[in-house]
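By convention in this document, chain letters (A, B, ...) are assigned in the order of the sequence lines, proteins followed by strands, and residues within each chain are numbered from 1. Side-chain atoms are counted along with the backbone in the values below, which use heavy atoms only and exclude waters and symmetry mates.
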Amino acid sequence: MLTNTKILIVLLLLALAALLALTVYTIGAIVAMFLLAMLFAFVITPAVDWLESHGLHRTLASTLMFLLSLGAFAIVVYFLSPLIYDQVLTLQERVSFGEMRKSIPQLEDELLRNLSFLGVQKLGLTGKIESLVSTLFDNILNIASGLVGLVIFVVMTLISTFFLLKDGRKLKKSLIEIVPNQFFEMSMSILHKIDWSLGAYLRGILMDAFIIGLITTFAMWLLDVPNYILIGLVAAFANLVPYLGPPTAALTASTISVITLSTFAQVPLILITFALIRLLDDSIVQPLTISQSVKLHPLTIIFTILIGAQLFGLFGMLFAVPVAGVVKVIASELYFGLKRYRAVY
Amino acid sequence: MNDSEQQSPRSFLWDNFFQRDPEKDILTLLRGVPMFEGLSRSDLKAIERILHRRKYHAGEYIFREGDPGLGMYIIEKGEVSIVAESRSTEITRLGKGEFFGEMSLFNERPRNASALAFEDTKLFGFFQPDLFGLLETRPRSGVKVVTQLARILAERLYKANTENARLASELSLKDYR
(Lines give C-alpha, C1' and ligand atoms only; values in the text may rest on other atoms or scores of the structure.)
Protein backbone atom coordinates (compact mmCIF):
# COMPACT_ATOMS: atom_id res chain seq x y z
CA MET A 1 0.00 0.00 0.00
CA LEU A 2 1.22 3.49 -0.78
CA THR A 3 2.09 5.59 2.21
CA ASN A 4 1.22 9.28 2.44
CA THR A 5 4.91 10.22 2.18
CA LYS A 6 5.24 8.23 -1.04
CA ILE A 7 2.18 9.89 -2.56
CA LEU A 8 3.50 13.29 -1.49
CA ILE A 9 6.90 12.57 -3.04
CA VAL A 10 5.34 11.36 -6.32
CA LEU A 11 3.11 14.46 -6.45
CA LEU A 12 6.08 16.70 -5.67
CA LEU A 13 8.17 15.06 -8.42
CA LEU A 14 5.30 15.40 -10.92
CA ALA A 15 4.87 19.07 -10.00
CA LEU A 16 8.62 19.58 -10.39
CA ALA A 17 8.60 17.84 -13.79
CA ALA A 18 5.67 20.01 -14.94
CA LEU A 19 7.42 23.16 -13.72
CA LEU A 20 10.62 22.10 -15.48
CA ALA A 21 8.76 21.37 -18.75
CA LEU A 22 7.01 24.75 -18.56
CA THR A 23 10.30 26.54 -17.86
CA VAL A 24 12.05 24.77 -20.73
CA TYR A 25 9.13 25.58 -23.04
CA THR A 26 8.94 29.28 -22.16
CA ILE A 27 12.58 30.22 -21.62
CA GLY A 28 14.22 27.35 -23.49
CA ALA A 29 17.19 29.40 -24.76
CA ILE A 30 18.11 30.63 -21.27
CA VAL A 31 17.75 27.13 -19.82
CA ALA A 32 19.89 25.76 -22.67
CA MET A 33 22.50 28.44 -21.99
CA PHE A 34 22.62 27.62 -18.29
CA LEU A 35 22.75 23.86 -18.94
CA LEU A 36 25.57 24.35 -21.43
CA ALA A 37 27.44 26.48 -18.90
CA MET A 38 26.94 23.75 -16.30
CA LEU A 39 28.23 21.18 -18.77
CA PHE A 40 31.38 23.23 -19.46
CA ALA A 41 31.85 23.83 -15.73
CA PHE A 42 31.56 20.10 -15.04
CA VAL A 43 34.21 19.39 -17.68
CA ILE A 44 36.67 22.11 -16.59
CA THR A 45 36.22 21.87 -12.79
CA PRO A 46 38.71 18.98 -12.24
CA ALA A 47 41.43 21.05 -13.93
CA VAL A 48 40.58 24.08 -11.74
CA ASP A 49 40.68 21.84 -8.63
CA TRP A 50 44.06 20.52 -9.74
CA LEU A 51 45.46 24.04 -10.14
CA GLU A 52 44.03 24.99 -6.75
CA SER A 53 45.69 21.96 -5.17
CA HIS A 54 48.99 23.31 -6.50
CA GLY A 55 48.61 26.53 -4.56
CA LEU A 56 46.69 28.77 -6.96
CA HIS A 57 43.79 30.81 -5.60
CA ARG A 58 40.38 29.56 -6.82
CA THR A 59 39.65 32.79 -8.72
CA LEU A 60 43.03 32.74 -10.43
CA ALA A 61 42.74 29.01 -11.22
CA SER A 62 39.24 29.53 -12.65
CA THR A 63 40.36 32.52 -14.73
CA LEU A 64 43.38 30.65 -16.06
CA MET A 65 41.44 27.52 -17.01
CA PHE A 66 38.62 29.60 -18.44
CA LEU A 67 41.03 31.57 -20.66
CA LEU A 68 42.86 28.39 -21.68
CA SER A 69 39.60 26.66 -22.67
CA LEU A 70 38.47 29.80 -24.49
CA GLY A 71 41.80 29.95 -26.34
CA ALA A 72 41.60 26.28 -27.29
CA PHE A 73 38.01 26.74 -28.47
CA ALA A 74 38.94 29.86 -30.48
CA ILE A 75 41.85 28.01 -32.14
CA VAL A 76 39.61 25.06 -33.04
CA VAL A 77 36.91 27.38 -34.42
CA TYR A 78 39.51 29.48 -36.29
CA PHE A 79 41.09 26.52 -38.03
CA LEU A 80 38.13 24.18 -38.31
CA SER A 81 35.17 26.40 -39.22
CA PRO A 82 36.50 27.60 -42.62
CA LEU A 83 37.38 23.99 -43.43
CA ILE A 84 33.92 22.71 -42.51
CA TYR A 85 32.19 25.63 -44.25
CA ASP A 86 34.29 24.92 -47.33
CA GLN A 87 33.49 21.23 -47.23
CA VAL A 88 29.75 21.91 -46.90
CA LEU A 89 29.83 24.36 -49.84
CA THR A 90 31.83 21.96 -52.01
CA LEU A 91 29.42 19.17 -51.21
CA GLN A 92 26.44 21.38 -52.03
CA GLU A 93 28.06 22.37 -55.34
CA ARG A 94 28.76 18.77 -56.22
CA VAL A 95 25.19 17.77 -55.48
CA SER A 96 23.80 20.57 -57.66
CA PHE A 97 26.17 20.45 -60.60
CA GLY A 98 28.09 17.26 -60.35
CA GLU A 99 27.78 13.81 -61.77
CA MET A 100 24.99 12.97 -59.35
CA ARG A 101 22.62 15.30 -61.21
CA LYS A 102 23.19 13.36 -64.42
CA SER A 103 22.70 9.99 -62.75
CA ILE A 104 19.38 10.85 -61.07
CA PRO A 105 17.35 10.91 -64.37
CA GLN A 106 18.92 7.55 -65.29
CA LEU A 107 17.88 6.17 -61.92
CA GLU A 108 14.39 7.64 -62.40
CA ASP A 109 14.05 6.04 -65.88
CA GLU A 110 15.08 2.69 -64.43
CA LEU A 111 12.56 2.99 -61.61
CA LEU A 112 9.74 3.99 -64.00
CA ARG A 113 10.53 1.03 -66.29
CA ASN A 114 10.36 -1.37 -63.34
CA LEU A 115 7.25 0.24 -61.86
CA SER A 116 5.35 0.53 -65.20
CA PHE A 117 2.73 -1.91 -63.90
CA LEU A 118 1.70 0.74 -61.34
CA GLY A 119 0.93 3.21 -64.12
CA VAL A 120 3.34 5.85 -62.76
CA GLN A 121 4.27 8.36 -65.51
CA LYS A 122 6.65 10.78 -63.79
CA LEU A 123 8.50 10.83 -60.48
CA GLY A 124 10.31 14.21 -60.67
CA LEU A 125 13.18 12.85 -58.54
CA THR A 126 15.77 15.41 -59.67
CA GLY A 127 13.74 18.37 -58.44
CA LYS A 128 12.73 16.68 -55.22
CA ILE A 129 16.24 15.51 -54.28
CA GLU A 130 17.76 18.86 -55.20
CA SER A 131 15.23 20.80 -53.15
CA LEU A 132 15.68 18.43 -50.20
CA VAL A 133 19.47 18.70 -50.27
CA SER A 134 19.33 22.45 -50.84
CA THR A 135 16.96 22.94 -47.84
CA LEU A 136 19.25 20.82 -45.68
CA PHE A 137 22.36 22.80 -46.61
CA ASP A 138 20.53 26.12 -46.40
CA ASN A 139 19.57 25.19 -42.85
CA ILE A 140 23.17 24.36 -41.97
CA LEU A 141 24.42 27.58 -43.55
CA ASN A 142 21.65 29.60 -41.89
CA ILE A 143 22.74 28.29 -38.51
CA ALA A 144 26.32 29.25 -39.30
CA SER A 145 25.33 32.70 -40.53
CA GLY A 146 22.99 33.52 -37.62
CA LEU A 147 26.11 34.86 -35.94
CA VAL A 148 24.75 37.71 -33.84
CA GLY A 149 22.37 35.54 -31.83
CA LEU A 150 25.04 32.91 -31.59
CA VAL A 151 27.66 35.36 -30.31
CA ILE A 152 25.29 36.64 -27.57
CA PHE A 153 24.46 33.06 -26.62
CA VAL A 154 28.13 32.06 -26.53
CA VAL A 155 29.21 35.14 -24.53
CA MET A 156 26.45 34.65 -21.94
CA THR A 157 27.25 30.94 -21.72
CA LEU A 158 30.93 31.73 -21.18
CA ILE A 159 30.21 34.29 -18.46
CA SER A 160 27.94 31.79 -16.68
CA THR A 161 30.61 29.10 -17.03
CA PHE A 162 33.23 31.34 -15.43
CA PHE A 163 31.04 32.12 -12.43
CA LEU A 164 30.05 28.48 -12.02
CA LEU A 165 33.73 27.54 -12.02
CA LYS A 166 34.70 30.25 -9.56
CA ASP A 167 31.69 30.19 -7.24
CA GLY A 168 30.19 26.73 -7.87
CA ARG A 169 30.94 25.61 -4.31
CA LYS A 170 29.56 28.82 -2.78
CA LEU A 171 26.38 28.39 -4.85
CA LYS A 172 26.01 24.81 -3.64
CA LYS A 173 26.60 25.93 -0.05
CA SER A 174 23.98 28.68 -0.37
CA LEU A 175 21.53 26.17 -1.81
CA ILE A 176 22.12 23.85 1.16
CA GLU A 177 21.76 26.74 3.63
CA ILE A 178 18.07 27.23 2.83
CA VAL A 179 17.21 23.57 3.48
CA PRO A 180 15.36 23.02 6.80
CA ASN A 181 17.37 21.26 9.55
CA GLN A 182 15.25 18.12 9.26
CA PHE A 183 16.38 17.48 5.66
CA PHE A 184 19.81 19.11 5.85
CA GLU A 185 22.13 16.07 5.96
CA MET A 186 19.93 14.12 3.53
CA SER A 187 19.89 16.99 0.99
CA MET A 188 23.61 17.47 1.31
CA SER A 189 24.34 13.80 0.78
CA ILE A 190 22.00 13.59 -2.25
CA LEU A 191 23.29 16.83 -3.77
CA HIS A 192 26.88 15.67 -3.41
CA LYS A 193 26.17 12.28 -5.00
CA ILE A 194 24.23 13.89 -7.88
CA ASP A 195 27.09 16.33 -8.40
CA TRP A 196 29.64 13.52 -8.49
CA SER A 197 27.68 11.12 -10.72
CA LEU A 198 26.55 13.87 -13.09
CA GLY A 199 30.09 15.17 -13.49
CA ALA A 200 31.38 11.68 -14.22
CA TYR A 201 28.56 10.96 -16.70
CA LEU A 202 28.84 14.26 -18.61
CA ARG A 203 32.64 14.12 -18.77
CA GLY A 204 32.28 10.50 -19.92
CA ILE A 205 29.89 11.07 -22.82
CA LEU A 206 31.81 14.11 -24.01
CA MET A 207 35.11 12.26 -23.86
CA ASP A 208 33.55 9.29 -25.70
CA ALA A 209 32.14 11.56 -28.44
CA PHE A 210 35.49 13.36 -28.77
CA ILE A 211 37.48 10.10 -29.09
CA ILE A 212 35.02 8.60 -31.61
CA GLY A 213 35.03 11.84 -33.63
CA LEU A 214 38.82 11.81 -33.70
CA ILE A 215 39.08 8.11 -34.65
CA THR A 216 36.44 8.52 -37.37
CA THR A 217 38.18 11.56 -38.85
CA PHE A 218 41.50 9.70 -38.90
CA ALA A 219 39.94 6.53 -40.40
CA MET A 220 38.09 8.48 -43.12
CA TRP A 221 41.30 10.37 -43.93
CA LEU A 222 43.14 7.03 -44.21
CA LEU A 223 40.42 5.67 -46.54
CA ASP A 224 40.63 8.84 -48.61
CA VAL A 225 36.94 9.60 -48.09
CA PRO A 226 36.14 13.20 -49.05
CA ASN A 227 34.94 15.66 -46.38
CA TYR A 228 36.53 13.54 -43.64
CA ILE A 229 36.48 16.37 -41.04
CA LEU A 230 32.77 16.90 -41.58
CA ILE A 231 32.16 13.15 -41.26
CA GLY A 232 34.23 13.04 -38.04
CA LEU A 233 32.17 15.90 -36.62
CA VAL A 234 28.91 14.18 -37.58
CA ALA A 235 30.18 10.93 -36.01
CA ALA A 236 31.08 12.73 -32.77
CA PHE A 237 27.65 14.35 -32.43
CA ALA A 238 25.81 11.25 -33.67
CA ASN A 239 27.60 9.26 -30.96
CA LEU A 240 25.42 11.08 -28.44
CA VAL A 241 22.45 9.15 -29.85
CA PRO A 242 22.83 5.43 -29.03
CA TYR A 243 21.76 2.81 -31.61
CA LEU A 244 20.63 5.39 -34.21
CA GLY A 245 23.69 7.63 -34.13
CA PRO A 246 26.48 5.38 -35.45
CA PRO A 247 24.43 3.99 -38.42
CA THR A 248 23.43 7.58 -39.27
CA ALA A 249 27.08 8.63 -39.29
CA ALA A 250 27.98 5.61 -41.48
CA LEU A 251 25.14 6.48 -43.84
CA THR A 252 26.26 10.12 -43.99
CA ALA A 253 29.82 9.06 -44.83
CA SER A 254 28.59 6.64 -47.52
CA THR A 255 26.26 9.24 -49.02
CA ILE A 256 29.00 11.87 -49.14
CA SER A 257 31.35 9.36 -50.77
CA VAL A 258 28.74 8.29 -53.38
CA ILE A 259 27.69 11.87 -54.17
CA THR A 260 31.24 13.18 -54.42
CA LEU A 261 32.90 10.29 -56.25
CA SER A 262 29.78 9.03 -58.13
CA THR A 263 30.70 5.45 -57.29
CA PHE A 264 29.83 2.92 -54.60
CA ALA A 265 33.44 1.66 -54.46
CA GLN A 266 34.20 3.12 -51.00
CA VAL A 267 30.87 2.18 -49.37
CA PRO A 268 31.71 -1.39 -48.20
CA LEU A 269 34.99 -0.21 -46.69
CA ILE A 270 33.27 2.75 -44.98
CA LEU A 271 30.61 0.45 -43.50
CA ILE A 272 33.23 -2.05 -42.26
CA THR A 273 35.26 0.82 -40.74
CA PHE A 274 32.21 2.18 -38.92
CA ALA A 275 31.38 -1.32 -37.64
CA LEU A 276 34.95 -1.65 -36.32
CA ILE A 277 34.79 1.81 -34.68
CA ARG A 278 31.47 0.77 -33.06
CA LEU A 279 33.14 -2.39 -31.75
CA LEU A 280 36.07 -0.37 -30.43
CA ASP A 281 33.68 2.07 -28.78
CA ASP A 282 31.60 -0.66 -27.14
CA SER A 283 34.53 -2.77 -25.96
CA ILE A 284 37.19 -0.23 -25.00
CA VAL A 285 36.22 3.46 -25.14
CA GLN A 286 32.80 3.39 -23.45
CA PRO A 287 33.76 1.10 -20.55
CA LEU A 288 36.65 3.47 -19.83
CA THR A 289 34.69 6.70 -20.12
CA ILE A 290 31.01 6.20 -19.26
CA SER A 291 29.69 4.76 -16.01
CA GLN A 292 27.77 1.55 -16.68
CA SER A 293 25.13 2.50 -14.12
CA VAL A 294 23.79 5.21 -16.43
CA LYS A 295 22.92 2.71 -19.19
CA LEU A 296 19.37 3.27 -20.41
CA HIS A 297 16.96 0.62 -21.69
CA PRO A 298 16.71 0.56 -25.53
CA LEU A 299 12.98 1.27 -25.33
CA THR A 300 13.64 4.31 -23.10
CA ILE A 301 16.23 5.51 -25.61
CA ILE A 302 13.85 5.18 -28.59
CA PHE A 303 11.03 7.04 -26.85
CA THR A 304 13.41 9.68 -25.53
CA ILE A 305 14.74 10.32 -29.04
CA LEU A 306 11.19 10.53 -30.43
CA ILE A 307 10.13 13.00 -27.72
CA GLY A 308 13.30 15.05 -28.27
CA ALA A 309 12.70 15.13 -32.03
CA GLN A 310 9.07 16.12 -31.55
CA LEU A 311 9.88 18.95 -29.14
CA PHE A 312 13.13 20.41 -30.47
CA GLY A 313 13.78 18.82 -33.88
CA LEU A 314 17.30 17.73 -34.82
CA PHE A 315 18.90 19.25 -31.70
CA GLY A 316 16.26 17.62 -29.54
CA MET A 317 17.13 14.28 -31.10
CA LEU A 318 20.85 14.82 -30.51
CA PHE A 319 20.62 15.83 -26.87
CA ALA A 320 17.60 13.75 -25.83
CA VAL A 321 19.62 10.76 -24.62
CA PRO A 322 22.25 12.73 -22.65
CA VAL A 323 19.42 14.70 -21.03
CA ALA A 324 17.64 11.40 -20.22
CA GLY A 325 20.93 10.15 -18.74
CA VAL A 326 21.15 13.28 -16.58
CA VAL A 327 17.54 12.81 -15.43
CA LYS A 328 18.26 9.14 -14.64
CA VAL A 329 21.34 10.05 -12.57
CA ILE A 330 19.39 12.68 -10.61
CA ALA A 331 16.34 10.44 -10.11
CA SER A 332 18.30 7.38 -9.00
CA GLU A 333 20.53 9.35 -6.60
CA LEU A 334 17.43 11.08 -5.22
CA TYR A 335 15.63 7.76 -4.78
CA PHE A 336 18.54 5.94 -3.12
CA GLY A 337 19.26 8.98 -0.95
CA LEU A 338 15.64 9.16 0.23
CA LYS A 339 15.68 5.41 0.83
CA ARG A 340 18.88 5.56 2.88
CA TYR A 341 17.41 8.30 5.02
CA ARG A 342 14.18 6.29 5.31
CA ALA A 343 12.10 9.03 3.62
CA VAL A 344 10.77 6.27 1.31
CA TYR A 345 10.61 2.54 1.97
CA MET B 1 11.56 44.35 25.31
CA ASN B 2 12.36 43.07 28.81
CA ASP B 3 15.09 44.32 31.11
CA SER B 4 17.63 41.72 30.17
CA GLU B 5 17.24 42.55 26.48
CA GLN B 6 17.67 46.33 27.00
CA GLN B 7 21.05 47.50 25.80
CA SER B 8 23.19 49.62 28.10
CA PRO B 9 24.99 52.65 26.58
CA ARG B 10 28.27 50.87 27.25
CA SER B 11 27.31 47.70 25.41
CA PHE B 12 25.83 49.80 22.57
CA LEU B 13 29.15 51.61 22.23
CA TRP B 14 31.02 48.31 22.48
CA ASP B 15 28.84 46.56 19.88
CA ASN B 16 29.01 49.39 17.39
CA PHE B 17 32.54 50.66 17.70
CA PHE B 18 34.63 47.98 19.32
CA GLN B 19 32.72 44.96 18.15
CA ARG B 20 34.75 41.79 18.01
CA ASP B 21 35.42 40.44 14.55
CA PRO B 22 33.07 37.43 14.11
CA GLU B 23 35.56 35.78 11.74
CA LYS B 24 38.26 36.05 14.41
CA ASP B 25 35.85 34.41 16.88
CA ILE B 26 35.24 31.50 14.51
CA LEU B 27 38.96 31.05 13.93
CA THR B 28 39.58 31.06 17.70
CA LEU B 29 36.83 28.46 18.12
CA LEU B 30 38.27 26.28 15.35
CA ARG B 31 41.80 26.57 16.76
CA GLY B 32 40.48 25.02 19.98
CA VAL B 33 39.13 21.95 18.16
CA PRO B 34 41.75 19.15 18.43
CA MET B 35 41.45 18.05 14.80
CA PHE B 36 42.34 21.54 13.56
CA GLU B 37 45.43 21.80 15.79
CA GLY B 38 48.56 22.94 14.00
CA LEU B 39 46.72 24.53 11.10
CA SER B 40 47.83 27.94 9.88
CA ARG B 41 45.50 30.92 9.77
CA SER B 42 44.98 30.52 6.00
CA ASP B 43 44.25 26.79 6.49
CA LEU B 44 41.68 27.64 9.17
CA LYS B 45 40.12 30.22 6.86
CA ALA B 46 39.87 27.55 4.15
CA ILE B 47 38.18 25.25 6.70
CA GLU B 48 35.82 28.02 7.75
CA ARG B 49 34.76 28.51 4.12
CA ILE B 50 33.61 24.88 3.83
CA LEU B 51 31.85 24.69 7.19
CA HIS B 52 28.06 24.87 7.26
CA ARG B 53 26.59 27.12 9.94
CA ARG B 54 23.27 25.81 11.32
CA LYS B 55 20.88 26.98 14.02
CA TYR B 56 18.78 24.54 16.07
CA HIS B 57 15.98 25.27 18.52
CA ALA B 58 15.90 23.61 21.94
CA GLY B 59 14.68 20.01 21.56
CA GLU B 60 15.32 19.89 17.81
CA TYR B 61 17.11 16.83 16.46
CA ILE B 62 20.46 17.38 14.75
CA PHE B 63 20.55 13.77 13.62
CA ARG B 64 18.84 10.58 14.68
CA GLU B 65 20.21 7.18 15.68
CA GLY B 66 20.28 4.95 12.59
CA ASP B 67 20.57 7.80 10.05
CA PRO B 68 23.50 7.43 7.65
CA GLY B 69 26.37 9.51 9.01
CA LEU B 70 27.74 12.27 6.83
CA GLY B 71 30.00 14.27 9.09
CA MET B 72 30.66 16.01 12.37
CA TYR B 73 29.45 19.10 14.18
CA ILE B 74 31.31 21.67 16.24
CA ILE B 75 29.30 23.59 18.86
CA GLU B 76 29.59 27.35 18.43
CA LYS B 77 26.96 28.22 21.05
CA GLY B 78 24.55 26.27 23.24
CA GLU B 79 24.45 22.66 24.43
CA VAL B 80 23.88 19.38 22.65
CA SER B 81 22.62 16.19 24.22
CA ILE B 82 23.84 12.86 22.83
CA VAL B 83 21.16 10.26 23.45
CA ALA B 84 21.02 6.48 22.99
CA GLU B 85 17.42 6.16 21.82
CA SER B 86 17.43 2.38 22.12
CA ARG B 87 18.23 2.66 25.84
CA SER B 88 16.48 6.04 26.34
CA THR B 89 19.53 7.39 28.13
CA GLU B 90 21.62 10.51 27.71
CA ILE B 91 25.18 9.46 27.00
CA THR B 92 26.70 12.90 27.38
CA ARG B 93 26.05 16.59 27.09
CA LEU B 94 28.42 18.77 25.11
CA GLY B 95 29.03 22.52 25.16
CA LYS B 96 30.78 25.32 23.28
CA GLY B 97 33.90 24.28 21.35
CA GLU B 98 33.18 20.56 21.70
CA PHE B 99 32.44 18.33 18.73
CA PHE B 100 30.56 15.13 17.91
CA GLY B 101 29.90 12.73 14.99
CA GLU B 102 33.51 12.72 13.76
CA MET B 103 33.47 8.97 12.97
CA SER B 104 31.11 9.73 10.10
CA LEU B 105 33.81 11.68 8.31
CA PHE B 106 35.31 8.36 7.27
CA ASN B 107 32.32 6.12 6.71
CA GLU B 108 28.60 6.45 6.20
CA ARG B 109 27.61 3.80 8.73
CA PRO B 110 24.39 4.51 10.61
CA ARG B 111 24.76 6.91 13.56
CA ASN B 112 24.89 4.95 16.82
CA ALA B 113 23.22 7.70 18.87
CA SER B 114 20.95 10.70 18.36
CA ALA B 115 22.02 14.30 18.86
CA LEU B 116 19.54 16.95 19.88
CA ALA B 117 19.82 20.57 20.87
CA PHE B 118 19.43 20.89 24.64
CA GLU B 119 18.92 24.64 24.26
CA ASP B 120 18.95 27.04 21.28
CA THR B 121 22.20 26.05 19.62
CA LYS B 122 24.49 27.20 16.84
CA LEU B 123 26.67 24.59 15.17
CA PHE B 124 29.27 24.27 12.47
CA GLY B 125 28.85 21.17 10.29
CA PHE B 126 31.95 19.63 8.71
CA PHE B 127 31.08 16.90 6.23
CA GLN B 128 32.71 14.06 4.36
CA PRO B 129 32.30 15.57 0.85
CA ASP B 130 33.89 18.79 2.09
CA LEU B 131 36.78 16.91 3.74
CA PHE B 132 37.40 15.02 0.47
CA GLY B 133 37.14 18.32 -1.40
CA LEU B 134 39.71 19.83 0.97
CA LEU B 135 42.04 16.87 0.35
CA GLU B 136 41.76 17.53 -3.39
CA THR B 137 42.10 21.29 -3.43
CA ARG B 138 44.35 21.88 -0.38
CA PRO B 139 46.06 18.51 0.18
CA ARG B 140 48.47 19.85 2.83
CA SER B 141 45.69 21.20 5.04
CA GLY B 142 43.56 18.12 4.32
CA VAL B 143 46.33 15.74 5.36
CA LYS B 144 46.90 17.70 8.60
CA VAL B 145 43.19 17.38 9.47
CA VAL B 146 43.08 13.67 8.59
CA THR B 147 46.24 13.02 10.64
CA GLN B 148 44.75 14.76 13.68
CA LEU B 149 41.52 12.80 13.20
CA ALA B 150 43.46 9.54 12.99
CA ARG B 151 45.33 10.48 16.19
CA ILE B 152 42.06 11.20 18.02
CA LEU B 153 40.47 7.94 16.82
CA ALA B 154 43.62 5.93 17.67
CA GLU B 155 43.60 7.38 21.20
CA ARG B 156 39.95 6.46 21.56
CA LEU B 157 40.64 2.93 20.29
CA TYR B 158 43.52 2.58 22.76
CA LYS B 159 41.25 3.67 25.63
CA ALA B 160 38.51 1.27 24.46
CA ASN B 161 41.01 -1.60 24.24
CA THR B 162 42.37 -0.84 27.72
CA GLU B 163 38.83 -0.72 29.09
CA ASN B 164 38.00 -4.01 27.33
CA ALA B 165 41.08 -5.67 28.80
CA ARG B 166 40.20 -4.36 32.28
CA LEU B 167 36.61 -5.64 32.01
CA ALA B 168 37.80 -9.00 30.67
CA SER B 169 40.24 -9.44 33.55
CA GLU B 170 37.51 -8.46 36.05
CA LEU B 171 35.20 -11.06 34.52
CA SER B 172 37.85 -13.77 34.61
CA LEU B 173 38.60 -12.95 38.26
CA LYS B 174 34.90 -13.28 39.12
CA ASP B 175 34.76 -16.65 37.29
CA TYR B 176 37.83 -17.81 39.23
CA ARG B 177 36.24 -16.89 42.58
message: I'd like to know if the side chain of D130(B) pairs up with that of H52(B) as donor and acceptor (distance under 3.5 Å, no hydrogens or angles considered).
response: yes
field: Structural part of R140(B) lying under 4.5 Å from a heavy atom of chain A
entry: neither
- request: Below 4.5 Å from any heavy atom of chain B, which atoms of K170(A) appear? Answer side chain, backbone, both or neither.
  value: neither
- line: Paired with E76(B), the salt bridge (charged side-chain N to carboxylate O under 4.0 Å, His left out) test is passed by just one of R53(B), K122(B), R54(B), namely R53(B)
- prompt: Ignoring hydrogens and geometry, is there a side-chain-to-backbone donor-acceptor pair from T121(B) to E79(B) under 3.5 Å?
  reply: yes
message: To check you understand the geometry: which heavy-atom pair defines the closest contact between G71(B) and L105(B), and what is its length?
response: CA-CD2, 4.1 Å
query: Given a strict heavy-atom distance threshold of 4.5 Å, which part of L56(A) is in contact with chain B: side chain, backbone, both, or neither?
result: neither
query: Given that the side chain runs from C-beta out, which part of Q128(B) has a heavy atom under 4.5 Å from chain A: side chain, backbone, both or neither?
result: neither
field: Structural part of F132(B) lying under 4.5 Å from a heavy atom of chain A
entry: neither
message: I'd like to verify something: which residue of G133(B), P139(B), G69(B) has the highest number of heavy-atom pairs under 4.5 Å with chain A?
response: P139(B)
task: Heavy-atom distances under 4.5 Å only: say whether L135(B) touches chain A with side chain, backbone, both or neither.
output: neither
message: I'd like to know if E163(B) and R156(B) make a salt bridge, using a cut-off of under 4.0 Å between side-chain N and carboxylate O.
response: no
- request: Sort L134(B) into side chain, backbone, both or neither according to what part of it lies under 4.5 angstrom from a heavy atom of chain A.
  value: neither
query: Side-chain contact, heavy-atom cut-off 4.5 Å: V145(B) with I47(B)?
result: yes
